[in-house]
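Everything on this sheet refers to the single structure shown next.
Just so it is clear, the structure is predicted and the values come from calculations on it, not from any experiment. Residue numbers start at 1 and run along the sequence shown.
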Amino acid sequence: MILGGGAGGAEAARRRPPAPSAVLLREKDVNLDESLRLAQALRTAGLEVVLTRDHDVFVPLDGRSRVADVAGADVFLSVHNNASSNRSVRGTEIYHQQGSSAGRSLARSLLAGITARAGTGSRGTFTRAGEKGDDYYAVLRNTRPTALIIEGAYLSNTDDARALADPAGRQRLADGITAGILERLRSLPERGPGPAPARPGPAGAGLATPGGLTATRVDGTDALLAWQPVAGATGYAVWRNGILVGDAAAASPSIGSGRTEAVSFRDVRPGHGIHRYEVRALAGVADQALLESGSALVELMVPWRMVVDPGHGGKDPGAIGRL
């Protein structure tokens with residue numbers, strides 16, 4: 001008896017489903033999508049962002065640096081992903097310009113943000129010298145503002161490549177870079193001890209904390225604070241990051257209006273960073289404050305102008321990963 005059934009030979013081969021081919025993962029595509037996500041995250045956080053490319057086109061190395069110069073950038077981030085002949089190598093590494101303390105600090109902040117948000121291993125921050133002793137990488141050598149190359153993960157590693165192939169994984173990388181940027185901005189301002197404890201005075205004689213405190217950026221670099229006047233106040237004190245930066249006179253009632261206008265204070269060029277402002281109402285005689293209110297608090301970011309550079313593009317695919 002012959003056991004068997006179905007077609008055999010060439011017919012069986014025709015009916016058999018084809019073996020799945022390896023999925024190719026091109027660095028240029030990953031870099032672009034990650035960069036677009038990063039630009040959106042940075043803009044949502046309040047930063048100004050310019051992209052060197054927003055579609056699949058090749059931009060020469062000197063053209064990438066030129067974008068940063070024309071844009072008046074403060075920071076240039078070149079977004080890449082890595083590859084190695086050793087497929088077990090994985091994780092995040094960041095390169096910064098030689099001799100740049102600002103670049104070194106920013107690189108460390110970004111590495112911490114990426115590894116925390118994206119779960120990649122840390123391979124460290126580095127510089128690399130060329131034959132002439134200057135920066136090996138053209139976008140670091142030829143870019144005037146603080147410039148970094150971010151190698152988010154390894155396309156040659158199966159686990160890293162799987163994360164890079166997932167839109168959620170690319171979003172985590174973008175979110176990690178954004179978190180590192182914001183953490184570095186928060187750490188930039190000089191910090192002071194802050195005001196002494198408030199002097200509320202006798203019961204029933206105290207001053208209310210200024211209400212409705214807002215802070216807006218004006219003329220790109222200045223901070224404009226505004227708040228509602230406090231009854232009985234003869235003036236107001238303003239602190240930035242725990243340092244007394246000025247005072248404002250008490251508002252006078254508008255004639256015939258039955259109300260007072262908002263009090264304002266302009267802080268000229270506080271510098272880049274995330275600033276914490278405190279405003280207190282004061283009541284006193286001459287230059288001596290006899291009563292102080294509690295502090296009204298508000299934060300304001302004076303952002304960097306960022307250039308985000310998606311590495312490779314066009315006929316230059318960069319590294320290739322396979323899943």
Side-chain angles (χ1 to χ4, degrees), residues 39-50 71-75 102 106 145-146 178-179 181-199 206-284 287 289 291-307:
Q40 181 58 49
L42 291 171
R43 288 167 178 153
T44 299
L47 284 94
E48 302 172 13
V49 182
V50 174
D74 300 297
V75 173
L106 181 57
T146 300
T178 302
I181 291 290
L182 294 178
E183 179 59 32
R184 183 60 186 144
L185 278 169
R186 188 172 294 279
S187 71
L188 285 178
E190 179 185 356
R191 306 288 171 175
R199 289 168 286 180
L207 295 171
T209 299
L213 177 61
T214 61
T216 54
R217 192 159 49 93
V218 292
D219 294 337
T221 58
D222 294 357
L224 182 64
L225 310 182
W227 61 90
Q228 292 302 308
V230 173
T234 57
Y236 302 87
V238 180
W239 284 263
R240 182 207 325 124
N241 306 315
I243 300 171
L244 183 65
V245 292
D247 52 43
S252 301
S254 300
I255 297 175
S257 68
R259 62 182 178 86
T260 54
E261 300 296 333
V263 186
S264 63
F265 175 84
R266 184 162 180 153
D267 188 20
V268 178
R269 292 186 174 274
H272 292 114
I274 298 176
H275 301 288
R276 184 176 188 267
Y277 286 96
E278 299 182 55
V279 177
R280 285 185 177 181
L282 310 175
D287 293 331
L291 297 176
E292 289 183 5
S293 72
S295 294
L297 304 174
V298 70
E299 284 191 342
L300 177 69
M301 179 170 65
V302 179
W304 285 318
R305 176 168 290 185
M306 312 282 300
V307 167

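Without hydrogens or angle criteria, Asn241 side chain to Arg191 main chain gives no donor-acceptor distance under 3.5 Å. Counting only distance, with no hydrogens or angles, the side chain of Thr234 and the backbone of Gly284 share a donor-acceptor pair below 3.5 Å. Under the 3.5 Å distance criterion, the side-chain polar atoms of Arg240 are left unmatched by any main-chain donor or acceptor of Ile243.
Between Asp219 and Arg266 the shortest side-chain heavy-atom distance falls below 4.5 Å. No side-chain heavy atom of Asp74 sits less than 4.5 Å from a side-chain heavy atom of Met306. No side-chain heavy atom of Pro270 sits less than 4.5 Å from a side-chain heavy atom of Pro189. Contact check for Asp267 versus Val238: no side-chain heavy atoms found under the 4.5 Å cut-off. Two residues are said to be in side-chain contact when any heavy atoms from C-beta on lie closer than 4.5 Å; Ile181 and Trp304 meet this criterion. A heavy-atom distance below 4.5 Å is not found between the side chains of Tyr236 and Ser293.
Residues satisfying the salt bridge (Lys or Arg N to Asp or Glu O under 4.0 Å) test with Arg43, not counting sequence neighbours, are none.
Between the side chains of Thr44 and Gln40, a donor-acceptor pair is found at a separation under 3.5 Å. Between the side chains of Arg280 and Ser295, at least one donor-acceptor pair of N or O atoms lies under 3.5 Å.
When all heavy atoms are compared, the tightest approach of Leu47 to Leu182 is CD1-CD2, 3.9 Å.
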